[in-house]
Amino acid sequence: MPLIEIDRLKRTVTPAWESPVADQVAAAWGYPAGTAKWWRSSAAHVFVLPDPDGKRYLRFVPDAYLCAGPVAAMSSLMDRLATEGAAVVRPVPARAGTLTVTVPTALGPMHAMVVEAAPGEQLDAEDLDENRARAWGAALAALHESTAAIDAALPEAFTELAAIPDRFAHDPEFVKAASRLAARIAGLPRDSAQFGIVHGDFELDNLAWDAGKATAFDFDEAAHSWYAADIAYAVRDLIGPAGLPTAEHRRSFDEFIAGYRSVRPLGDTELADLRLFAGAHAACSLIRIDNALGTVGDDEPEWMADLRADLTAMARSHRELAITAAEAV
């Protein structure tokens, strides 16, 4: 989400972490004013809601950033997966009975949904052992098995690559790399064994672990894509600037792949393509970062200036990875 959109909402958040905008949205689920507490804003604004069983999460995005269709498709996908027994969080219907609601607010229309909290705790790469890494890979494979028979009106991955030549005309080295990555991806097979609906961001910070079982949340990046591309994005914390597993995380990477292959096939050609997908993801990330950065305002708060600096540094590392991967593939 653009930093300016995050700032607009953040300016409404009180010292008690409440927001009149969130109150307007939460009312669609019957929550009184002052109930929703701001947690974070990135791809969506996220507020915590109380629940008899613990908590829920209110998620909403401005219509100016994302239209209602993708939000509805994402919630429908999650609901179907949860109904069919997949380990994903379930959306909570609003008072109107729908999974998503468009609410007029002081900051414009917001497309919203509420999801249950995932049971358990989050892990990071340093918490992985052989069993956890293998379970992580198996969990992603199981999700791919679950989505195989589903058709959803989700976007297609890697469409941002087409915008790079114009957006980054000042950086011919990067444009050349992105064009090479795009050409390689365009030639990949799209049979149902390799291509389908993917989570899009199956990193450890989007999973909660309970008794060795992972439950997935945050389907903001769900799309039609290659399953191997979903793997490449999931394990990016295990990957170095060359697009290959680091020595530190090689064992976890290998166990992840072994876990995946214990549930569904992953050919050696698909495995070799992980570097291609890592580079393509990095290239697309530059478009997203550029969209988020926007233009510098005259009265930017300190937190925004700090985040802008972090995103700029991140963009440099993504550029390096995209160029390195393009040269290798």
Side-chain angles (χ1 to χ4, degrees), residues 1-2 5-122 150 152-154 199-201 205-208 210 215-222:
M1 191 186 308
E5 288 290 346
I6 295 176
D7 185 52
R8 289 177 72 216
L9 185 283
K10 196 173 176 65
R11 289 174 186 262
T12 73
V13 176
T14 71
W17 306 110
E18 299 166 7
S19 164
V21 175
D23 288 342
Q24 290 177 286
V25 179
W29 277 264
Y31 287 93
T35 303
K37 306 292 184 181
W38 182 73
W39 184 45
R40 65 174 174 83
S41 295
S42 54
H45 300 303
V46 184
F47 285 72
V48 179
L49 296 168
D51 177 72
D53 296 324
K55 60 184 175 182
R56 293 171 173 173
Y57 291 98
L58 171 68
R59 304 171 55 85
F60 56 92
V61 296
D63 179 72
Y65 167 66
L66 185 68
C67 64
V71 180
M74 174 181 63
S75 63
S76 295
L77 170 65
M78 295 170 67
D79 185 62
R80 179 168 175 182
L81 287 170
T83 298
E84 295 179 357
V88 306
V89 296
R90 183 186 295 274
V92 178
R95 289 190 301 179
T98 56
L99 296 177
T100 59
V101 177
T102 298
V103 181
T105 75
L107 296 183
M110 298 288 177
H111 307 304
M113 63 186 295
V114 169
V115 295
E116 298 174 344
E121 61 181 359
Q122 290 181 259
I150 296 177
L154 294 166
H199 180 277
D201 194 4
D205 58 4
N206 286 325
L207 302 173
D210 185 38
T215 299
F217 50 91
D218 196 349
F219 278 70
D220 290 328
E221 304 302 329

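Sequential numbering from 1 along the given sequence is applied to the chain's residues. These values consider heavy atoms only, across backbone and side chains, with no hydrogens, waters or symmetry-generated copies. As the structure is a computational prediction, the values presented were derived from the model and not from experiment.
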For V21, the option from L107, V103, V13 that meets side chain to side chain contact (heavy atoms under 4.5 Å, CB included):
L107
Those residues at least two apart in sequence (or on a different chain) that pass side-chain contact (heavy atoms from CB on, under 4.5 Å) with A16 are T14, E18
CG/D23 to OG1/T105 distance, rounded to the nearest 0.5 angstrom?
11.5 Å
Within-4.5 Å side-chain heavy-atom neighbours: P62 and H45
yes
Passes side chain to side chain contact (heavy atoms under 4.5 Å, CB included), D210 versus T215? Steps please.
CA-CA 8 Å; D210 185 38; T215 299; over 6 Å; no
When you compare the side chain of M113 with that of L99, does any pair of heavy atoms fall below 4.5 Å?
no
N206 (side chain) donor-acceptor with D201 (main chain) under 3.5 angstrom
yes
What's the shortest heavy-atom distance between A26 and A36, and which atoms?
CB-CB, 4.4 Å
What distance separates I6 CD1 from R11 CZ, expressed to the nearest 0.5 Å?
13.0 Å
Test your reading of the model: is there a side-chain donor-acceptor pair from W29 to the backbone of V92, 3.5 Å cut-off?
yes
To the nearest 0.5 Å, what is the distance between CZ (F60) and NE2 (H111)?
12.5 Å
Minimum heavy-atom separation for V101 and A94, please, with both atom names.
CG2-CB, 3.4 Å
Step by step, would you call L81 with F219 a side chain to side chain contact (heavy atoms under 4.5 Å, CB included)?
CA-CA 12 Å; L81 287 170; F219 278 70; 4.0 Å; yes
What pair of heavy atoms forms the shortest contact from P93 to G97, and how long is it?
CB-O, 4.1 Å
Stepwise, does the side chain to side chain contact (heavy atoms under 4.5 Å, CB included) test hold for R59 with V115?
CA-CA 8 Å; R59 304 171 55 85; V115 295; 4.2 Å; yes
Does any part of the side chain of V48, heavy atoms only, come nearer than 4.5 Å to the side chain of W17, both counted from C-beta?
no
Given side chain to side chain contact (heavy atoms under 4.5 Å, CB included), test K55 with L49 step by step and report yes or no.
CA-CA 6 Å; K55 60 184 175 182; L49 296 168; over 6 Å; no
Nearest-0.5 Å distance that lies between atom OH in Y65 and atom CE in M110:
12.5 Å
Nearest 0.5 Å, please: how far is CG in D51 from OH in Y31?
5.5 Å
Using a strict 4.0 Å threshold on nitrogen-to-oxygen distance, state whether R40 and D205 make a salt bridge.
no
Between the main-chain N or O of L9 and the side-chain N or O of T12, is there a donor-acceptor pair closer than 3.5 Å?
yes
Closest heavy-atom contact between M1 and S42?
CB-O, 2.8 Å
In this structure, CD of E121 is separated from CG of L207 (nearest 0.5 Å) by 12.5 Å
Taken in chain and number order and not counting sequence neighbours, the residues that satisfy side-chain contact (heavy atoms from CB on, under 4.5 Å) with A208 are A118, F217
